Amino acid sequence: MASILKKKKFITVKDKEAADIIVCPACKKELVKSEVVANKYVCYACGSYFRVRTGNRIKMVADQKSFEPWFDEMESKNPLDFSGYGEKIAAAQEKTGLHEAVTVGRAKIYGESVVLGICDARFLMSSMGHVVGEKIASAVERATEERLPVILFCCSGGARMQEGIISLMQMAKTSAALKKHSDAGLLYIPVLTDPTTGGVTASFAMLGDIILAEPGALIGFAGPRVIEQTIGQKLPEGFQRAEFQLEHGFVDAIVERKDLKKTLYKILKMHRPIEGYANFNNEADSKFVPSELMRERSVKSQMLSAWEKVKAVRDTRRLASVDYMDEIFDDFMELHGDRLFRDDPAVVGGIAALDGQPVTVIGVHKGRDLKDCMRHNYGMPSPEGYRKALRLMKEAEKFNRPVICFVNTSGAFCGMEAEEGGQGEAIARNLYEMSGLTVPVLCLMIGEGGSGGALALAVGNEVWMMENATYSILSPEGFASILWKDGKRAKEAAEVMKITAQDLYRLHVVEKIIPEYGGANQEALHDIAMFMKFHMRKFLQKYSKMERDELAKSRYERFRSF
């Protein structure tokens, strides 16, 4: 007797009609529809995603009865007098109950007001005709007027062939509307679902401040069949899928459907309009006192020589940027990619909260063991790492969020591919753009500060340094090799280069020295992080009193003084 297995339940052939059985398009297994619905339209056998109808998508992400449709009165026309097009539109309307391939309107997500748009693949494969473009552009324009964020669930086979060049014009129209929305300082989140291709990918789908995608979604400009026919080659497994796009820098995060509403709410909450920065003044903040154990460790710890500090900061057991991020901030959400080529794992960044104050946090991560170090390229950023960091900083500036950078790198990656990708230009661009950011920028040297690769993330209003960290023009080995033609004199070079926190404090290169309480290890993590957090709050209090142009001026004058 045929049966399907789900959570130790057996449903026989006789029960199928009553149970309402559907077949998964991916694994071909028979599924109980009610179970699939309860699982957010995800196959419980193989995990593949079903395409979601407009009404169901609204139910999944919007608060109950909060959706208010806009512009449903727009009627489709036939701009090219294409034979049979009117009949196709009418048939799609009758089949789906929709006026067009996109539905737009106002909604709430856990109480946060948004403009919501949903593309529905059942309507002519959600191809973009003039009504689709007009509804999206009109919704974005109204969102701009009402100062609301926009969330668009993208799904499309591309341009609508029956409308020819008029369909093509929708790409420019929707993009222009989103530019005005962005210039007004407002948030836009596209959610890429299966499939997102063609002119939609090349317009509103890829223009978000934060771009999310569903697992396994097909995302690309030219469809895989077109590419294979053009180049005469079979495409590799996973090509153009959401995971491919994440790796190549075009998607910030892949979010499972069960987590999507909460993720959207988290992003919306982080982007609420704010005036100034959080007020941290209260009695609990009057002073920071380390634990008795940490005070004892500090007293017992001996002063290391410059060369000993060089060796100490290269120890993989030393606390990493991600350790401090986890300990100091709440609700950290990592964002990926430079939107140009790749996501560089050496640079970790995203948005977080410092006791309720939204901040952008960026850190160089070396890795903790051999495998992890290799994945993060030993903390040596490539051009795309610097470009990712700059993208996040420019987004922070748009939304008036302070930027906090944790720097720990022996230097920028010097491989052949880094030069091909424009390593020098990427570093120069960061120096250029960071100098003019109109939000507070705080940079913390937590390990090695190697040359221009470190400076590219350290153009701050203030730069702090851990007591055993180093910051130098290049490594002592390189210094000795260049000046003395003898790399074995690295220990001697470390002493004369003035690379320690104490040296750089005397030279006014850094404003604050952060105690390590006997060593930057797991035992000291909490106290070091709380010291940082306490002084970060003071930093924000100080710079919240400045106008935005004053922040950039102050940073300019800081570096102008050297």
Side-chain angles (χ1 to χ4, degrees), residues 51 54 57 69-93 96 98-105 115-145 148-184 186 188-209 211 213 217-223 226 250 339:
R51 292 173 184 171
T54 298
R57 181 70 76 179
W70 290 349
F71 312 118
D72 270 356
E73 72 281 359
M74 290 183 186
E75 294 186 7
S76 297
K77 298 178 182 177
N78 191 349
L80 302 186
D81 293 325
F82 195 91
S83 177
Y85 181 43
E87 289 77 7
K88 275 188 172 290
I89 292 289
Q93 289 172 337
T96 64
L98 302 172
H99 291 84
E100 248 293 353
V102 69
T103 299
V104 297
V115 170
L116 184 63
I118 299 105
C119 296
D120 196 315
R122 295 175 301 150
F123 198 108
L124 299 183
M125 203 49 226
S126 195
S127 53
M128 184 163 59
H130 68 282
V131 175
V132 170
E134 185 64 24
K135 289 181 79 170
I136 289 173
S138 298
V140 172
E141 288 167 351
R142 187 163 171 181
T144 306
E145 291 171 5
L148 291 173
V150 173
I151 298 172
L152 289 182
F153 282 84
C154 304
C155 174
S156 180
R160 190 166 294 178
M161 295 295 103
Q162 296 92 336
E163 294 192 20
I165 195 70
I166 302 303
S167 173
L168 191 70
M169 295 302 105
Q170 307 312 307
M171 295 168 61
K173 182 168 74 178
T174 54
S175 300
L178 285 166
K179 178 67 167 67
K180 288 184 175 293
H181 184 263
S182 181
D183 288 346
L186 299 170
Y188 168 47
I189 308 170
V191 182
L192 312 184
T193 71
D194 184 65
T196 301
T197 61
V200 168
T201 302
S203 56
F204 64 84
M206 284 293 183
L207 295 175
D209 296 296
I211 301 178
L218 177 66
I219 304 164
F221 178 55
V226 173
F250 296 104
R339 295 285 200 275

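These figures come from a predicted structure and were not determined experimentally. Just so you know, residue 1 is the first one in the sequence shown, and it goes up from there.
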Practice item. Might you work through the side chain to side chain donor-acceptor pair (under 3.5 Å) test for Glu100 and Ser76, ending with a clear yes or no? Key: CA-CA 8 Å; Glu100 248 293 353; Ser76 297; 3.1 Å; yes
Please table the atom pairs, donor to acceptor, closer than 3.5 Å between any side-chain atom in residues 120-131 and protein atoms at least two apart or in another chain.
{"unit_1": "Asp120", "atom_1": "OD1", "unit_2": "Arg122", "atom_2": "N", "d": "3.0"}
{"unit_1": "Asp120", "atom_1": "OD1", "unit_2": "Arg122", "atom_2": "NE", "d": "3.1"}
{"unit_1": "Asp120", "atom_1": "OD2", "unit_2": "Thr54", "atom_2": "N", "d": "3.0"}
{"unit_1": "Asp120", "atom_1": "OD2", "unit_2": "Thr54", "atom_2": "OG1", "d": "2.9"}
{"unit_1": "Asp120", "atom_1": "OD2", "unit_2": "Arg122", "atom_2": "NE", "d": "3.4"}
{"unit_1": "Asp120", "atom_1": "OD2", "unit_2": "Arg122", "atom_2": "NH2", "d": "2.9"}
{"unit_1": "Ser126", "atom_1": "OG", "unit_2": "Cys155", "atom_2": "O", "d": "2.6"}
{"unit_1": "Ser127", "atom_1": "OG", "unit_2": "Leu124", "atom_2": "O", "d": "3.0"}
{"unit_1": "Ser127", "atom_1": "OG", "unit_2": "Arg160", "atom_2": "NE", "d": "2.9"}
{"unit_1": "His130", "atom_1": "ND1", "unit_2": "Glu163", "atom_2": "OE1", "d": "2.9"}
{"unit_1": "His130", "atom_1": "ND1", "unit_2": "Glu163", "atom_2": "OE2", "d": "3.0"}
{"unit_1": "His130", "atom_1": "NE2", "unit_2": "Lys77", "atom_2": "N", "d": "3.3"}

Between [X] and [Y] (side chain of the first, backbone of the second, donor and acceptor by atom type, cut-off under 3.5 Å), is there such a pair?
| X | Y | value |
| --- | --- | --- |
| Lys135 | Val102 | yes |
| Tyr188 | Phe204 | yes |
| Thr144 | Val140 | yes |
| His181 | Leu148 | yes |
| Ser156 | Val200 | no |

Given side chains that start at C-beta, do those of [X] and [Y] come closer than 4.5 Å, heavy atoms only?
| X | Y | result |
| --- | --- | --- |
| Val104 | Phe71 | yes |
| Ile189 | Pro149 | no |
| Thr193 | Arg51 | no |
| Ile219 | Met206 | yes |
| Val115 | Arg142 | no |

Once rounded to the nearest 0.5 Å, what's the spacing between atom [atom1] of [X] and atom [atom2] of [Y]?
| X | Y | atom1 | atom2 | value |
| --- | --- | --- | --- | --- |
| Cys119 | Arg57 | SG | CZ | 10.5 Å |
| Ile166 | Leu80 | CD1 | CG | 6.5 Å |
| Gln162 | Asp81 | CD | CG | 13.0 Å |
| Thr103 | Ile118 | OG1 | CD1 | 6.5 Å |
| Thr197 | Leu192 | OG1 | CG | 11.0 Å |
| Leu218 | Thr201 | CG | OG1 | 8.0 Å |

Check your understanding: Near Glu73 CD, under 6.0 Å, is it more than 12 heavy atoms from other residues, nucleotides or ligands?
Key ->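 Enclosed.
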**Study point:** Lys173 atom NZ: more than 12 heavy-atom contacts under 6.0 Å
**Key:**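 Correct, the count exceeds 12.
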Review point. Who are the side-chain hydrogen bond (donor to acceptor under 3.5 Å, both in side chains) partners of Asp183, not counting sequence neighbours?
Key: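 Asp183 satisfies side-chain hydrogen bond (donor to acceptor under 3.5 Å, both in side chains) with Lys179 once adjacent residues are dropped.
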What is the minimum heavy-atom distance between [X] and [Y], and which atoms define it?
| X | Y | value |
| --- | --- | --- |
| Tyr85 | Asn78 | CD2-OD1, 3.5 Å |
| Ala177 | Glu141 | CB-CG, 4.5 Å |
| Cys154 | Pro190 | SG-CB, 4.0 Å |
| Ala143 | Val150 | CB-CG2, 3.5 Å |

